[in-house]
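Worksheet: one structure, shown below.
Quick note: numbers below take in every heavy atom, side chains included, and nothing from hydrogens, waters or symmetry partners.
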Amino acid sequence: MSREAHTPGPWAVLPEECDKPYIRVRGAALGYRYKVANVITPIYDGVPSKEAEETRANARLIASAPELLKATQAAWNCISELNPTQARAEVVQMLQAAIEQATGAEP
């Protein structure tokens with residue numbers, strides 16, 4: 001598996017700004033101020049609250065990516081050292097695929 005080249009975690013969702021049509025997600029590690037993502041905010045009249053909440057949830061999910069990757073890698077390290085049964089083998093494959101997708105590694 002390759003080494004991550006992404007903005008180091010943690011990432012943070014910045015407070016919403018009334019003059020911006022998006023929610024900003026930035027790297028929050030000391031010494032880094034990289035923009036990670038802008039999640040488009042629904043700004044039309046009569047926006048359903050469910051749609052606005054879903055947008056906020058998407059921003060939180062994006063911001064949690066470094067921690068999710070770290071937890072997935074820890075699980076991979078624990079499970080891959082076991083002698084997996086068929087069920088465990090499927091979990092190992094899922095974890096490996098998720099880590100490869102997150103890190104850009106070739107399978």
Side-chain angles (χ1 to χ4, degrees):
M1 285 180 233
S2 76
R3 198 168 169 86
E4 301 86 42
H6 58 74
T7 300
W11 295 352
V13 177
L14 300 183
E16 292 179 52
E17 301 173 61
C18 61
D19 63 334
K20 303 272 194 259
Y22 51 83
I23 300 170
R24 296 183 298 163
V25 178
R26 287 213 172 182
L30 188 60
Y32 294 94
R33 289 202 48 190
Y34 296 122
K35 182 188 307 180
V36 173
N38 289 335
V39 182
I40 302 300
T41 306
I43 56 171
Y44 57 88
D45 287 337
V47 174
S49 61
K50 182 179 187 262
E51 190 172 343
E53 285 304 313
E54 185 175 323
T55 298
R56 291 181 188 103
N58 290 342
R60 288 190 303 271
L61 179 61
I62 292 166
S64 71
E67 289 78 17
L68 290 170
L69 175 58
K70 187 176 180 179
T72 303
Q73 287 172 320
W76 162 258
N77 290 337
C78 289
I79 294 172
S80 65
E81 293 175 6
L82 301 174
N83 183 10
T85 62
Q86 181 62 29
R88 286 187 185 154
E90 290 177 22
V91 172
V92 168
Q93 289 173 353
M94 290 171 56
L95 287 169
Q96 185 175 10
I99 293 168
E100 288 170 354
Q101 181 180 10
T103 62
E106 294 294 321

Hey, could you give me each pair passing salt bridge (Lys or Arg N to Asp or Glu O under 4.0 Å) that has a residue in residues 56-76? Not counting sequence neighbours.
E16-R56, E53-R56
Reported CG-to-CD1 distance for the pair L68 and I99, which is rounded to 0.5 angstrom
11.5 Å
What distance do L95 atom CG and E100 atom CD have between them, rounded to the nearest 0.5 Å?
11.0 Å
Which atom pairs, one a donor and one an acceptor, fall under 3.5 Å between side chains of residues 18-31 and the rest of the protein, sequence neighbours left out?
from	atom 1	to	atom 2	distance (Å)
R24	NE	E17	OE2	3.1
R24	NH2	E17	OE2	2.6

Would you name the heavy atoms of A65 and W11 that are closest together and state the gap between them?
CB-CZ3, 3.8 Å
By side chain to side chain contact (heavy atoms under 4.5 Å, CB included), E54 pairs with (sequence neighbours left out) K50, N58
